[in-house]
Amino acid sequence: MIRLSAITPSGHVQLGNYLGAVRRWAAEGTDEDVYFISDLHAMTSSHNASRLRSLTREQLAVLIAAGVDPRSVAVQSDLVRELGALTWVLECTCTYGEAARMIQFKEKSEGRSSVRLSLLTYPVLMAADILLQGANEVPVGDDQLQHVELARVLARRFNGTYGEVFTVPRAVVPPTAARVRDLADPTRKMAKSAQDAAGTVFVLDPPDLVRRKIQRAVTDDRAEVRYAPDEQPGVANLLEILAACTGKDPKELAGTVQGYAELKEVTAEAVIEELRPVREGTRRLLDDPAELDRARAHGAERSRDRCAHRLDAALRVSGLG
């Protein structure tokens, strides 16, 4: 069983990324699983080249420091030749209508006079990511289900036209993790690409900054610590973060805290301690470029070895080999 997951370096890794995905990858991953830093996907909109390179290395370091098996981690662009070849073959398998009806393309292109062609075609690149590695399962959120379905359609169509080459993957929605919301605006998700970082806790934030951000978190004027996400979203957000860091139930935690000040204090300390080993491990890796480069090269080589026969077969049966 091969599972494939990815994280895009569109910003610094934040608390929601860590609690919702990275920590689970470290705890549940096997040596068959594949974890991509999807830097090619980060190019579908305007980007700074040096920042993309830096964020890619940072995310690689975070994953390894968090305990994800470095042999299972690869940077997407390190396989750009393999992915480029298969993406073209799959673009020749996909129709314009299938690509254009992707919900994310519609949402991100709406009202804009010009968008990059890659915004339209990147779901085909995502399909190449999945099919090249022979993934059986792709854990995704609801917003990516349509993209995995496209990968399934393309795998079936290719296999039916040229011969059995690709495993037909299936999407799986992981168990619900903590709903980490923006501390300054709990009506929206915490995001690594948020323009205002005041409500976002980043994995590499120093402890004092984490504490300040949480101390300034939006609550309400009820002065009552209850777990009521609809009525008190700010308080519920803090309780869910605290629960995710301590392994306890947010409803039970609400009864152990006296007032908002104490809630913020204990939540800040829990987050700081949860992130401490990851932050320190990431810093050590970033301060040792040679070690990080070795891990990156090993992950790339393993991914190439895994996919070489599959790419060769796809090119051959489609008339290119």
Side-chain angles (χ1 to χ4, degrees), residues 1-10 16-42 44 59 63 68-69 72-74 76 79 82-83 86-87 89-91 93-108 118-161 164-180 189 191-192 303 306-307 310-311 314:
M1 175 66 69
I2 300 173
R3 290 175 294 184
L4 183 144
S5 300
I7 183 170
T8 302
S10 55
N17 302 139
Y18 172 73
L19 294 177
V22 175
R23 187 174 65 170
R24 187 181 71 251
W25 297 347
E28 301 176 3
T30 72
D31 60 3
E32 290 297 312
D33 294 339
V34 181
Y35 301 101
F36 267 122
I37 311 296
S38 52
D39 53 343
L40 298 179
H41 290 320
T44 58
Q59 289 199 357
L63 263 61
V68 179
D69 187 341
S72 299
V73 181
Q76 189 184 31
L79 280 79
E82 293 83 356
L83 285 169
L86 184 57
T87 298
V89 170
L90 293 179
E91 285 183 355
T93 306
C94 184
T95 69
Y96 171 79
E98 287 169 330
R101 73 170 63 105
M102 295 292 107
I103 294 171
Q104 287 206 1
F105 172 71
K106 290 181 177 180
E107 290 179 348
K108 292 181 179 181
S118 55
L119 188 62
L120 174 70
T121 61
Y122 97 86
V124 183
L125 172 59
M126 180 175 169
D129 290 332
I130 297 166
L131 301 183
L132 194 61
Q133 296 297 321
N136 306 93
E137 291 187 350
V138 186
V140 290
D142 292 341
D143 61 333
Q144 292 292 328
L145 288 173
Q146 193 182 31
H147 291 168
V148 180
E149 183 57 34
L150 179 63
R152 289 169 56 83
V153 168
L154 297 182
R156 289 197 187 101
R157 184 176 300 152
F158 185 95
N159 290 347
T161 303
E164 292 290 326
V165 173
F166 298 122
T167 299
V168 178
R170 69 185 185 96
V172 293
V173 179
T176 303
R179 300 186 308 166
V180 181
K189 289 171 60 177
K192 58 180 179 288
S303 289
R306 189 203 300 262
C307 74
R310 199 169 290 108
L311 177 61

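Since the model is a prediction, treat every value here as computed from it, not as a measurement.
Side-chain contact between Q133 and L79: present, with at least one pair of heavy atoms (C-beta onward) separated by less than 4.5 Å. Using a 4.5 Å cut-off on side-chain heavy atoms (C-beta onward), Q76 and L125 make contact. A heavy-atom distance below 4.5 Å is not found between the side chains of E107 and D143. Side-chain contact check for L131 versus T167: every heavy-atom pair is 4.5 Å or farther apart. Contact annotation: the side chain of L150 approaches that of C94 to within less than 4.5 Å [non-hydrogen atoms, C-beta and beyond]. Counting only heavy atoms from C-beta outward, the side chains of R3 and T30 approach each other to under 4.5 Å. Looking at heavy atoms from C-beta onward, H147 lies in side-chain contact with Y122 at the 4.5 angstrom threshold. Using a 4.5 Å heavy-atom threshold, the side chains of Y96 and L120 count as touching.
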Q.
Pair R170, N136 - check side chain to side chain contact (heavy atoms under 4.5 Å, CB included), show working.
A. CA-CA 6 Å; R170 69 185 185 96; N136 306 93; over 6 Å; no
Q.
side chain to side chain contact (heavy atoms under 4.5 Å, CB included), that's the test. Do V89 and F158 meet it? Break it down for me.
A. CA-CA 9 Å; V89 170; F158 185 95; 3.5 Å; yes
Q: Could you go through the side chain to side chain contact (heavy atoms under 4.5 Å, CB included) check for E32 and R306 one step at a time?
A: CA-CA 10 Å; E32 290 297 312; R306 189 203 300 262; 4.0 Å; yes
Q.
One pair to check against side chain to side chain contact (heavy atoms under 4.5 Å, CB included): L90 and T87. What are the steps and the verdict?
A. CA-CA 5 Å; L90 293 179; T87 298; 5.8 Å; no
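Using modelled atom types, no side-chain atom of T121 and backbone atom of V124 make a donor-acceptor pair closer than 3.5 Å. In this structure, the side chain of S72 does not engage the main chain of V34 through any donor-acceptor pair within 3.5 Å. Within the 3.5 Å criterion, the main-chain N or O of P169 finds a donor-acceptor partner in the side chain of R152.
Between T8 and S38, the side chains place a donor N or O and an acceptor N or O closer than 3.5 Å (distance only, hydrogens not considered).
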